[in-house]
Engineer: 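Mind having a look at this structure? Questions to follow.
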Amino acid sequence: QDKTIKIGVLTDNSGLYADLGGPGSTLAAQMAIEDAGLTAKGWKIDLISADHQNKPDIGTAIARQWIDVEKVDVFMDVLNSGVALAVNNVVKEKNSILIDTGAATSDLTNAQCSPNTIHWVYDTYMLANSTGQALVKAGGDTWYFLTADYAFGHALERDTTAVVLKSGGKVIGTVKHPLNTADFSSFLLQAQASKAKIVGMANAGGDTTNTIKQAAEFGIVSGGQKLAGLLLFITDVHALGLKVAQGLNFTETFYWDLNDGTRAFSKRFSERMKNKAMPSMVQAGVYSGLLHYFKALEAMGGNPHDGAKVVAKMKEMPTDDQLFGKGTIRADGRKLHPAYLFEVKKPEESKGPWDYYKLIGTTAADQAFRPLSESVCPLVKK
Amino acid sequence: MQALYAQLLVGLINGSFYALLSLGLAVIFGMLNIINFAHGALYMMGAFVAYFLLNLGGINYWWALLLAPIIVGIFGMILERTMLQWLTGLDHLYGLLLTFGIALIVQGVFQNYFGSSGLPYAIPDQLRGGMNLGFMFLPVYRGWVVVFSLAVCLATWFLIEKTQLGAYLRAATENPTLVRAFGINVPRMITLTYGLGVGLAALAGVLSAPINQVRPLMGADLIIVVFAVVVIGGMGSIMGSIITGFALGVIEGLTKYFYPEASNTVVFVLMVLVLLVKPTGLTGRAA
Amino acid sequence: MADEFILETEGLTKEFAGFFAVRDVALKVRRGSIHALIGPNGAGKTTCFNLLTKFLKPSAGKILYKGQDITAMAPADVARMGLVRSFQISAVFPHLTALENVRVALQRQHGSSFDFWRSKTVLNRFNDRARELLNDVGLSEFANTPAVEMPYGRKRALEIATTLALDPEMMLLDEPMAGMGHEDIDKIAALIKRISAKYTILMVEHNLSVVANLSDIITVLTRGQVLAQGHYSELTKDERVKEAYLGAGHA
Amino acid sequence: MTTLTDDTLPATPRAMRDEMIVFVVMALLLASVPFTGVYPFFVMQALCFALLACAFNLLVGYGGLLSFGHAMFLGTAGYCSAHALKVWALPPELGILVGVAAAFVLSIVTGYISIRRQGIYFSMITLALSQLLYFIYLQAPFTHGEDGIQGIPQGRMFGVLDLSKPTVLYYVVLVGFLAGFLLIVRIINSPFGEVLKSIRENEQRAISLGYRTDQYKFLAFVLSGTLAGFAGALKVFVAQNASLTDVHWTMSGEVVLMTLVGGLGTIFGPVVGAFVIIAMQQYLAGFGQWVTVIQGAIFVVCVLTFRRGVIGEIAHYFRRSL
Amino acid sequence: MPDTAIAEAPARAATGGNILQVRNLEAWYGESHILHGINFDVNAGEVVTLLGRNGAGKTTTLKSIMGIIGKRTGSVRFNNQEIIRATSDRIARMGVAFCPEERGIFSSLDVRENLMLPPVVRAGGLPLDQIFELFPNLKERLSSQGTKLSGGEQQMLAIARILRTGASFLMLDEPTEGLAPVIIQQIGHTIARLKKEGFTILLVEQNFRFASTVADRYYVVEHGKIIDGFSNSELAANMDKLHTYLGV
Ligand SMILES: Nc1ncnc2c1ncn2[C@@H]1O[C@H](COP(=O)(O)OP(=O)(O)OP(=O)(O)O)[C@@H](O)[C@H]1O
Ligand SMILES: Nc1ncnc2c1ncn2[C@@H]1O[C@H](COP(=O)(O)OP(=O)(O)OP(=O)(O)O)[C@@H](O)[C@H]1O
Ligand SMILES: [Mg+2]
Ligand SMILES: [Mg+2]
């Protein structure tokens, strides 16, 4: 049996998302290789990484070349939905494996699901569901959306609206802003005027951080409204600083300070990072996903270099690791684990660097993601 | 109606950033004939320098407002002396490419060392808080930005249009050899002017640090819009870009209110329209 | 009568923001003549040319060319009717060779200028005619020299050859001799004389000996208006012309 | 406009022979790629961009019109072809036709708006138009926003050529590229091309010779835009997706870079430039965060030291026109 | 003030004697070697004219003196100072002014700005009212864009603006090109007057008739060399030679 494995971390090394994936993802993959202990058992594991620059065509070109020339077995990270969907296609065509830990789009396990792809960490449906449900339950029953005006924002808004309505809340307004808006004051004024209890940010990246920063300036939070981030990462909170970010609510599936297991891993990780950053959930997902992949290969006794077969094996086995706890992988490729609703601490509550979150709610693994009954994925037998 | 006033005011605030940035660009383009693609990167550097001054040197916002433009300006002058200088007399395109390359380098280096999500910079204590104007809540800092940038814009306009300097610069753009043969040290003057334009970009960077995240790509996102402002105003026209900067802020503000989906597009629609009606921009001199 | 005068203007006026560069000019150019337009600097001669060839729009007045009103036409169309100009600052295609410069004009005359699917070797059929034209202006040995590398005087000659290639009916020459050495001046003057058999020529020139030798009739312009018109010998006696243009020292 | 191109080179019959020789060498080299072990997808991608750059070069290098919005033709054709192939399930040849037709129509509209503008204003109005289009595509439902149109079927060309086979696809793309390239070379060396060059040299003089210069510039614009669209349509088969990247202004910028790196106003320059830039993106992808820095440094060095571009410098050295 | 400066000038001329000394001047445009060793002198208070056919190298000589030719070797001494390696702005501030043949009017400046552009390098320039007296056209068109002027007006402007600077050594490249006979006469008078006031003038002319009314001495340039030189008094005797040199 062949005991060689080649892992490719395809991520954004130089752009907007380099902090939450990027070199940190490569490090996480490296740590997974070290921790799996396979090399000691005679396996040979190679790791390469590349920058897709957030361009789908560069992403697919690299993916093809990696499969054809470099003989890469598994793609990790692949954040950015556009790139992920493009790579998803290539991987399926060439029977390779994609364990996506970075992209948000829930299409990866729905309309575009594939027997070669596992979506590991989070997706838009889950974010909307968890954050929306929890906030309405906590009394935030009137919502106003700031929505990025493109497919991703629309989907996030649509999904969250559904959840809010189902939980008994009301959406009293929405404003669509263009992608990459530098100034949100106009939109924030409208949100402020609406008097909604929750201002939901159906946007991402720089749009979200700018919204938050300017919301602080315009006194949105001090005026009694709550900001809900629908897609936010710990790296964003770090960049904003607690003074500005305090009081924010949002969902993640991993936080370094959840339990002993996460703390132990994160401490090791952060020591090896150039800027001593704690791992983001995307990076944590790379580690966890790879460990499971190794487990499956070990169980198969060697690497068959057959993506669909390995993924099927991975779906068969329950997952269990320090970072995401016990979980399973569904037929549609969705990895299931609990989702946590966090609130950002006030500066005075924080005990040290990277001590940012308070856990305020947990959605169980089987509740957090899109139920199979709503799925249009052809892999799901009905 | 009240909401409309609020949007107008907010638009004016944004306009002051556009004005300040496009002013620097207009100085550099109009006087030196360089399409300075590095402007966004230098704006970003201004914000970062302010951040370093505060966090490494304990130097506060007010000093940063003075020091950051000088520091970045000197950096700009070094760029000019070592690289841009060699392009005099060549087509615009080369300057554009060179500065584009410089922008990539600067942004890349900053990204490498400071990540891409950015760093926090707080509003100075004296300018914290806000006023309730009845129709809106106006953060004091924003008010300050409008007043201060207006003052800087007018001062620059005076320096360039009302002193001999402007005439020297414009003449030097056209025929540097001859101007030099009249006894003016053209290379030095150009270096200083580039420094001035760059300093203005850095100043805008410092002003925006407390409002936006201090991010390596903060300027890259803005640069195309600022170019549009300069073009609409009439390339190289100082007053044109000041007025267009403020006006565009207001128009954008109104679009955000009436049809927010189009607020990013409106500037380009405007640019097409203006160029169709007045081929050299609103106040542009003949090309 | 339209036959006698190839070009006529009525009340031709051009105003630049309150300044009248050309005011109420009535000009009649006789077919087949060499007509000179002289006048002090800033009198409006070049502006007149620009108006006639439609590079400027008149503020008022009418231009008749071959009996047809061309006041509202586009510059390229006027050129197509056979009214072609040269420029005061020499205008050639600097990086084309002299031969190619002339060929560009011939090509316009004989079509095929939109053919992007054919090889340019079809243009070689113009080479003979182009050489002939170059020969006429004494540029034979420059045929394969790019225009930039030619001395100034030769560029003027090239410009004239290019203009001739269009086989125009009327040529407007703006200071064709400016900046030329003496030998060239004589050459070009002879050339103009020769071609005037076939074409009507309207010419602006400050070189008085050229004007005296070449022109059939002279119009003197000052401050945008016609001051006098007549033969050289008449005009040199006219006190007003002496004062405004020729200067006191002129005999 | 000060000269962008190296005009000191002679344009003699010898030049046309040199061009043919280099062309044959290039075609043979490219045709042998599948036998060399060089990764064909990389070459195909580069070929698409090379065609785009050549089309762009036709406009700027020979017409003196610097378009800063050429990505709009690439992207529009890409989206339209992709939509035709995926949603309407058209065969590949018709898919390409749809894309090219879309680019053709777009170039007529944008050309009509922009062609009367001079110099930098022309660049800016094309930039503005392409930005407008970018925002439209960002929001239009059929483009699928950020995600783009994914998983485009490659199909069988003329019912026989199975494009999902890399080698077949490679030769189809190569033939498409060579055809486009030859057409461009022909345009440059045509009677029309001569007029175009003279307009670039001295527009006033061309007008005074009776040329309605706007019409020539317009035709050049439409030809260039349509050919750029052809590149976009071919690219759909290679990348199997159509995304916003292709309409973003940075793409327009990249085209300028490719052309400049290879040599503006040279016939082969844009091809070389496209290969250099695409290779850079591919091979630098492994350098992590230093990618942009390296790229930037290369541009700076290029502008400062080899301003004529790779081919331009070579041509200048041998005093040949290539 | 100007008066005193003008009064001083002749004194300077008298003591200085030789104001410009050009030795073995060679110059290149890129690869092409244009000047092959130019030698001549200009004495203070003189009007010296360079004659020669088109392309002989007259303009190049002036430009080399002014320091605006890329590559030049040899020696140029101005007021006994070597300036062959000086930058053009330094040469200008030493009191050399240059009026180029292509006029060099700035289109982005209006006439007033064009006129006021060259900085005053020392006292003694012509005051504005005298300039307007010389060139009344300019006064009328003061706020017009520089290149909107007629060809001749541009020439006037180009001359006028260097008269203002107070430079005492003027280099005029074909100042009469494109000018009406009246104006040419005026320029002749101006040159004569400037000479009287102590200016030194180096002139390049094609218009031999004009040159003969103002020049003290002539040099003939051919193929980048000075091939002959004579004073105004020797003119008649040299007429034949001139014919062959210039084809006059
Ligand atoms: N576009 C313009 N805008 C404003 N004034 C102009 C413009 N063009 C010409 N003028 C003015 O009109 C007058 C006539 O100019 P024109 O060029 O016709 O003179 P000209 O007779 O050709 O003189 P010259 O012999 O010096 O060439 C001048 O005073 C000039 O300044
Ligand atoms: N920029 C240039 N590049 C290359 N060669 C040049 C350049 N300018 C002038 N020359 C060449 O240098 C030689 C001398 O030119 P120069 O201008 O000095 O002549 P000139 O005596 O002033 O003639 P003219 O009477 O026509 O003004 C000519 O052969 C000319 O072709
Ligand atoms: Mg004139
Ligand atoms: Mg000369």
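Lettering follows sequence order; numbering is per chain, from 1.
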Engineer: Under a 4.5 Å cut-off applied to non-hydrogen side-chain atoms, are B:Phe268 and D:Tyr134 in contact?
Structural biologist: no
Engineer: For D:Phe142, does the CZ atom sit with more than 12 other heavy atoms under 6.0 Å from it, leaving out its own atoms?
Structural biologist: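 For D:Phe142, atom CZ is crowded (more than 12 foreign heavy atoms under 6.0 Å).
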Engineer: Count the heavy-atom pairs under 4.5 Å between each of B:Ile224, B:Ile102, B:Leu87, B:Ile35 and chain D, then report the option with the highest count.
Structural biologist: B:Ile224
Engineer: Minimum heavy-atom separation for D:Ile125 and B:Leu276, please, with both atom names.
Structural biologist: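 Nearest heavy atoms, D:Ile125 then B:Leu276: CD1-CD2, 4.4 Å.
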Engineer: Please step through side chain to side chain contact (heavy atoms under 4.5 Å, CB included) for the pair B:Trp86 and D:Val303, ending with a clear verdict.
Structural biologist: CA-CA 10 Å; B:Trp86 304 107; D:Val303 173; over 6 Å; no
Engineer: Do D:Phe135 and B:Val269 touch side chain to side chain, with heavy atoms closer than 4.5 Å?
Structural biologist: no
Engineer: Any salt bridge (charged side-chain N to carboxylate O under 4.0 Å, His left out) involving residues 249-269 of chain D? Give me the pairs, sequence neighbours left out, ordered by first then second residue.
Structural biologist: A:Lys55-D:Glu254
Engineer: Taking the side chain as everything from C-beta on, heavy atoms only, tell me whether D:Leu138 gets closer than 4.5 Å to B:Asn264.
Structural biologist: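 No - every pair of side-chain heavy atoms lies 4.5 Å or more apart.
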Engineer: Just to verify, what does D:Asp246 make a side-chain contact (heavy atoms from CB on, under 4.5 Å) with, not counting sequence neighbours?
Structural biologist: A:Asp57, D:Leu74, D:Lys235, D:Met251
Engineer: Atom CZ of residue position D:Phe104 - does it have more than 12 heavy atoms of other residues, nucleotides or ligands inside 6.0 Å?
Structural biologist: no
Engineer: Checking D:Phe68 against chain B: side chain, backbone, both or neither under 4.5 Å from a heavy atom?
Structural biologist: side chain
Engineer: If contact means a heavy atom pair closer than 4.5 Å, which residues of residues 295-302 of chain D contact chain B?
Structural biologist: D:Gln295, D:Gly296, D:Ala297, D:Phe299, D:Val300
Engineer: Would you mind reporting whether D:Val293 and B:Asn112 have side-chain heavy atoms less than 4.5 Å apart?
Structural biologist: no
Engineer: For B:Leu270, is it the side chain, the backbone, both, or neither that has a heavy atom closer than 4.5 Å to a heavy atom of chain D?
Structural biologist: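 Neither the backbone nor the side chain of B:Leu270 comes within 4.5 Å of chain D.
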Engineer: According to the interplanar angle, ranging from 0 to 90°, do the rings of D:Trp249 and B:Phe37 count as parallel (below 30°), tilted (30 to 60°) or perpendicular (above 60°)?
Structural biologist: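 Tilted, since the angle between the ring planes falls between 30° and 60°.
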Engineer: Any side-chain heavy atom of B:Val267 sitting closer than 4.5 Å to one from D:Gln131?
Structural biologist: no
Engineer: Looking only at heavy atoms and a cut-off of under 4.5 Å, which of B:Val266, B:Val231, B:Leu96 has the most pairs with chain D?
Structural biologist: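 Looking at each of B:Val266, B:Val231, B:Leu96 in turn, B:Val231 comes out on top.
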Engineer: More than 12 heavy atoms of other residues, nucleotides or ligands under 6.0 Å from CZ of B:Phe52: is that the case?
Structural biologist: yes
Engineer: Report the distance from atom OH of B:Tyr94 to atom CG of D:Leu304, rounding to the nearest 0.5 Å.
Structural biologist: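 Going from the OH atom of B:Tyr94 to the CG atom of D:Leu304 covers 12.0 Å.
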Engineer: Of all the heavy-atom pairs spanning B:Met271 and D:Met124, show the shortest one and how long it is.
Structural biologist: CE-O, 2.8 Å
Engineer: Which residue pairs satisfy the salt bridge (charged side-chain N to carboxylate O under 4.0 Å, His left out) criterion with at least one member in residues 114-132 of chain D, sequence neighbours excluded?
Structural biologist: D:Arg116-D:Asp214
